[in-house]
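From a predicted model like this one, the values you see are computed outputs, not experimental measurements.
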Amino acid sequence: MPADSFGIHRFVKRELNSLDKYVSWMAGLRLLSGSVEIAAALIMLRLNQVDKALAVNSGLALVGPTILILTTAVGLTGMAQQLSWGKLGWIGCGVAFLLIGILKK
């Protein structure tokens with residue numbers, strides 16, 4: 001390997017180690033969500049039928065809110081010591097209202 005690649009490797013390793021574990025989990029969940037969305041789009045293109053694509057799309061309706069809840073839970077866990085119970089309550093109400101707005105038919 002060229003000597004330059006070792007410097008890049010050390011830099012990347014140092015940067016990855018300096019990331020907050022909660023932020024890493026939140027970003028990982030969002031990457032997972034995006035990957036599922038892209039995979040669903042590719043499946044829709046492969047199926048090439050509106051009714052089947054609509055079925056795949058309706059399956060995605062569960063992914064978005066689930067990732068939202070998990071990401072918010074991870075973030076709140078990371079901030080729990082910094083927030084008062086009142087603020088956590090308001091955040092919980094906000095998330096509940098978002099989910100009601102998204103899921104209500």
Side-chain angles (χ1 to χ4, degrees):
M1 278 190 190
D4 205 34
S5 67
F6 288 115
I8 293 171
H9 181 264
R10 279 194 303 267
F11 172 77
V12 170
K13 188 174 181 180
R14 184 180 67 233
E15 290 302 312
L16 288 177
N17 286 335
S18 69
L19 290 176
D20 184 271
K21 66 180 177 181
Y22 297 106
V23 173
S24 298
W25 272 100
M26 292 171 72
L29 286 168
R30 285 297 172 184
L31 286 170
L32 174 66
S33 175
S35 300
V36 169
E37 296 274 346
I38 290 170
L42 294 172
I43 290 170
M44 287 180 195
L45 290 172
R46 176 89 168 116
L47 294 172
N48 198 28
Q49 294 178 5
V50 174
D51 58 334
K52 291 181 181 179
L54 195 56
V56 171
N57 189 58
S58 63
L60 287 176
L62 296 174
V63 174
T66 302
I67 296 295
L68 172 69
I69 291 169
L70 290 173
T71 305
T72 303
V74 169
L76 288 176
T77 302
M79 292 185 65
Q81 295 177 353
Q82 300 170 3
L83 297 174
S84 68
W85 284 104
K87 287 184 180 180
L88 285 174
W90 280 112
I91 292 169
C93 287
V95 171
F97 285 135
L98 279 171
L99 291 174
I100 290 169
I102 290 170
L103 300 175
K104 190 170 182 173
K105 295 180 182 183

Among the clusters formed by ILVMFWY side chains lying less than 4.5 Å apart, do I91 and W85 turn up in the same one?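 Yes: a chain of side-chain contacts under 4.5 Å links I91 to W85.
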
Where the side chain of T72 meets the backbone of I69, is there a donor-acceptor pair that is under 3.5 Å apart? no

Within the side chain of S33, is there an N or O that forms a donor-acceptor pair under 3.5 Å with the backbone of L29?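 Not confirmed, S33 side chain does not pair with L29 backbone.
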
Is there a side-chain contact between E37 and L42 (heavy atoms, below 4.5 Å)?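 Result no, sub-4.5 Å side-chain heavy-atom pair not found.
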
In Å, rounded to the nearest 0.5 Å, how long is the span from CG of L31 to CD1 of I67?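 These two atoms lie 10.5 Å from each other.
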
For L76, run the side chain to side chain contact (heavy atoms under 4.5 Å, CB included) check against L88, V95, T71 and tell me which one passes.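 Result: among L88, V95, T71, L88 is the only option passing the side chain to side chain contact (heavy atoms under 4.5 Å, CB included) with L76.
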
Within 6.0 Å of CZ in R46, more than 12 heavy atoms from elsewhere: no

For L54, give me all partners under side-chain contact (heavy atoms from CB on, under 4.5 Å), at least two apart in sequence or on another chain. none

State, to 0.1 Å, how close R30 and L68 come at their nearest heavy-atom pair, and which atoms those are. NH2-CA, 3.8 Å

